[in-house]
Amino acid sequence: MKTVSMRDPVVITGIGMVASVGADREAVWSAVQQGESGMTWLRGLEGIPDDYVVAAPVELPEKNRQLKSLRLAEFAAEEALADARIDLE
């Protein structure tokens, strides 16, 4: 069995995408084609004027108090692996 190092190249030939306009690549691409935007002005934040900051809300199921950025990356990676037909199990 070959030992894998952190320097070995990795190529995944699949696509995974999560954005404020969709939770998978098909939904995101459809929204992009239709010119949709998921950006919204934030309001009601203490010490910050309304309509001063924008956000791109993305809703995913909560998972063991994991940071949202990690959940987003994991969700997109899972879709990319599935698209590439790679089964890690």
Side-chain angles (χ1 to χ4, degrees):
M1 186 165 108
K2 181 183 178 212
T3 303
V4 178
S5 79
M6 295 297 285
R7 294 177 187 215
D8 288 340
V10 174
V11 177
I12 296 177
T13 57
I15 280 185
M17 192 177 296
V18 179
S20 60
V21 292
D24 60 43
R25 65 190 172 113
E26 295 300 328
V28 171
W29 182 239
S30 176
V32 167
Q33 289 177 313
Q34 294 174 33
E36 294 179 22
S37 171
M39 302 301 287
T40 184
W41 290 103
L42 290 181
R43 295 181 175 98
L45 297 174
E46 188 176 332
I48 300 175
D50 286 348
D51 298 335
Y52 188 73
V53 178
V54 294
V58 177
E59 296 302 321
L60 291 177
E62 191 167 324
K63 185 176 180 182
N64 300 329
R65 297 187 173 281
Q66 190 178 42
L67 288 174
K68 189 169 189 173
S69 58
L70 294 178
R71 288 196 322 269
L72 291 168
E74 181 180 52
F75 197 83
E78 286 172 358
E79 185 181 19
L81 289 168
D83 186 48
R85 296 187 185 125
I86 296 173
D87 185 4
L88 297 177
E89 307 233 355

Rounded to the nearest 0.5 angstrom, the OG1-CG distance for Thr40 and Leu42 is 7.0 Å
Side chain to side chain donor-acceptor pair (under 3.5 Å) contacts in which one or both residues fall within residues 74-85, not counting sequence neighbours
Arg25-Asp83, Lys63-Glu74
Please list every donor-acceptor pair under 3.5 Å in which a side-chain atom of residues 43-58 meets a protein atom from a residue at least two apart or in another chain.
| unit_1 | atom_1 | unit_2 | atom_2 | d |
| --- | --- | --- | --- | --- |
| Arg43 | NE | Asp51 | OD1 | 2.9 |
| Arg43 | NH2 | Asp51 | OD1 | 2.8 |
| Asp50 | OD1 | Gly44 | N | 2.8 |

Review item, side-chain donor-acceptor pairs of residues 10-24, under 3.5 Å, at least two apart:
| unit_1 | atom_1 | unit_2 | atom_2 | d |
| --- | --- | --- | --- | --- |
| Asp24 | OD1 | Glu26 | N | 3.2 |
| Asp24 | OD1 | Ala27 | N | 2.8 |

